[in-house]
Amino acid sequence: ADSIVFEKYSPTSGTFNGIHFQNAPGTAVDTSYVVNTIVRNVEGCKSGSLACAALSADNRHVLILDSTRVDSASQAGVALAASGSRISRSIIHRAGNTSSRAALHLGGGTFAESTTVAFARGVGVEVNGGLNVLADTIRLRALTILYSGGVGLKPEGGSIVGESRSVVASGNAYAYRGYLDNFAAIARDSTAQKNLLGNVQDLVVILGRPERPFRGRVALGLPDTAKV
């Protein structure tokens with residue numbers, strides 16, 4: 001079946017700000033599905049609980065994206081705020097900006113699988129969430145991040161549950177900026193670390209805070225690993 005397309009009706013029809021999924025009244029949780037859909041040429045955005053994006057949702061609105069493409073968004077492409085939200089078999093192409101909007105924002109309890117983020121203007125994928133909150137667990141599977149103007153993967157919050165060799169980051173300014181435990185989740189061995197090579201700089205930036213200290217051993221200069 002042909003994809004459903006959301007875009008500006010005509011050059012004179014105003015600004016297309018994408019689609020925002022709001023919370024229901026009170027404390028109810030809503031769920032919306034976007035399947036086999038193209039959202040393109042998004043000039044502005046609507047602010048959800050996590051970020052202003054072409055497809056954004058509030059923190060009690062679970063958003064399920066499948067076989068969806070966001071093509072050319074001036075702000076973030078997708079921002080998943082509610083726990084249980086998911087993006088699968090989708091593409092985000094030319095989204096984000098160089099200041100504060102990644103192409104894909106993932107909040108606590110969300111899942112990204114079999115998805116490609118390409119040519120982000122700044123950060124490719126940003127993982128948000130509390131530093132030590134178990135509910136803020138983010139799952140990544142078969143996530144590919146290509147040619148971001150900034151860092152490919154930036155998990156400065158939340159806790160990643162990854163699968164070895166499941167994240168590919170290549171052609172970005174550099175591959176990774178975040179905590180050591182999150183890096184271990186996506187690059188636990190030299191085979192997985194090779195999927196983070198081929199960037200402008202083949203390095204990762206490891207962060208530490210008093211509430212989430214840098215712990216562990218890091219091997220430097222091994223011929224078959226990325227630089228740390």
query: What do the steps show when you test Phe6 against Ile4 for side-chain contact (heavy atoms from CB on, under 4.5 Å), and what is the final call?
result: CA-CA 7 Å; Phe6 290 91; Ile4 299 170; 3.7 Å; yes
Kindly work out whether a path of hydrophobic side-chain contacts (I/L/V/M/F/W/Y, heavy atoms less than 4.5 Å apart) joins [X] to [Y].
X	Y	value
Val62	Val34	no
Val151	Val205	yes
Ile138	Ile64	no
Val70	Ile19	yes
Leu153	Val204	yes

query: Does one side chain, of Asn97 or Gln75, offer a donor that lies under 3.5 Å from an acceptor on the other?
result: yes
- request: Report yes or no: do Asn59 and Asn23 form a side-chain donor-acceptor pair below 3.5 Å?
  value: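 A pair is found: one side chain offers a donor N or O, the other an acceptor, under 3.5 Å apart.
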message: Are Asn128 and Leu50 packed together at the side-chain level, in the sense that at least one heavy-atom pair is separated by less than 4.5 angstrom?
response: yes
Between the main-chain N or O of [Y] and the side-chain N or O of [X], is there a donor-acceptor pair closer than 3.5 Å?
X	Y	result
Ser67	Asn36	no
Asn17	Glu43	no
Ser85	Ser83	no
Lys154	Gly124	no
Ser72	Asn41	no
Asn182	Ile160	yes
Thr110	Gly107	yes
Tyr176	Tyr179	yes
Asp189	Thr191	yes

query: Among Leu203, Asp202, Leu197, whose side-chain contact (heavy atoms from CB on, under 4.5 Å) with Asn199 holds?
result: Asp202
Tell me the closest heavy-atom pair linking [X] and [Y], and the distance in Å.
X	Y	value
Gly122	Ser148	O-CB, 3.4 Å
Thr98	Arg121	CG2-O, 3.4 Å
Ala192	Ala187	CB-CA, 3.8 Å
Asp181	Ser159	OD2-OG, 4.3 Å
Ile186	Leu140	CG2-CD1, 4.3 Å
Ala76	Ala95	C-CB, 4.4 Å

task: Would you mind listing the cluster partners of Ile38? Hydrophobic ones only (ILVMFWY), side-chain contacts under 4.5 Å, chaining allowed.
output: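 Val5, listed by chain and number.
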- request: Share the residues that join Tyr9 in a hydrophobic cluster, the rule being Ile, Leu, Val, Met, Phe, Trp or Tyr side chains under 4.5 Å apart at the heavy-atom level.
  value: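 Answer for Tyr9: none, a lone residue.
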- request: Quick one: which residue pairs count as a ring-ring contact (aromatic ring centres under 6.0 Å, His included) with a foot in residues 89-125, not counting sequence neighbours?
  value: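 Residue pairs with at least one partner in residues 89-125: His93-Phe119, Phe119-Tyr147.
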message: Please list all pairs meeting ring-ring contact (aromatic ring centres under 6.0 Å, His included) that have one or both residues in residues 14-55, counting only residues at least two apart or in different chains.
response: Phe21-His61
Rounded to the nearest 0.5 Å, what's the gap from [atom1] on [X] to [atom2] on [Y]? Could you check?
X	Y	atom1	atom2	answer
Asn195	Ile145	CG	CD1	11.0 Å
Ile91	Thr115	CD1	OG1	8.5 Å
Glu156	Leu207	CD	CG	5.0 Å

message: For a side-chain contact (heavy atoms from CB on, under 4.5 Å) check, start with the C-alpha distance between Thr68 and Ser90, then their side-chain angles and the critical distance, and finish with the verdict.
response: CA-CA 5 Å; Thr68 292; Ser90 297; 3.8 Å; yes
task: Could you go through the side-chain contact (heavy atoms from CB on, under 4.5 Å) check for Ile92 and Thr116 one step at a time?
output: CA-CA 6 Å; Ile92 302 172; Thr116 297; over 6 Å; no
- request: Run the numbers on Val125 and Leu106 for side-chain contact (heavy atoms from CB on, under 4.5 Å), then give the verdict.
  value: CA-CA 8 Å; Val125 178; Leu106 297 172; 4.0 Å; yes
query: Which pairs pass salt bridge (charged side-chain N to carboxylate O under 4.0 Å, His left out) with one or both residues in residues 48-68, sequence neighbours excluded?
result: Asp66-Arg89
statement: residues 92-109 vs salt bridge (charged side-chain N to carboxylate O under 4.0 Å, His left out), sequence neighbours excluded, gives none
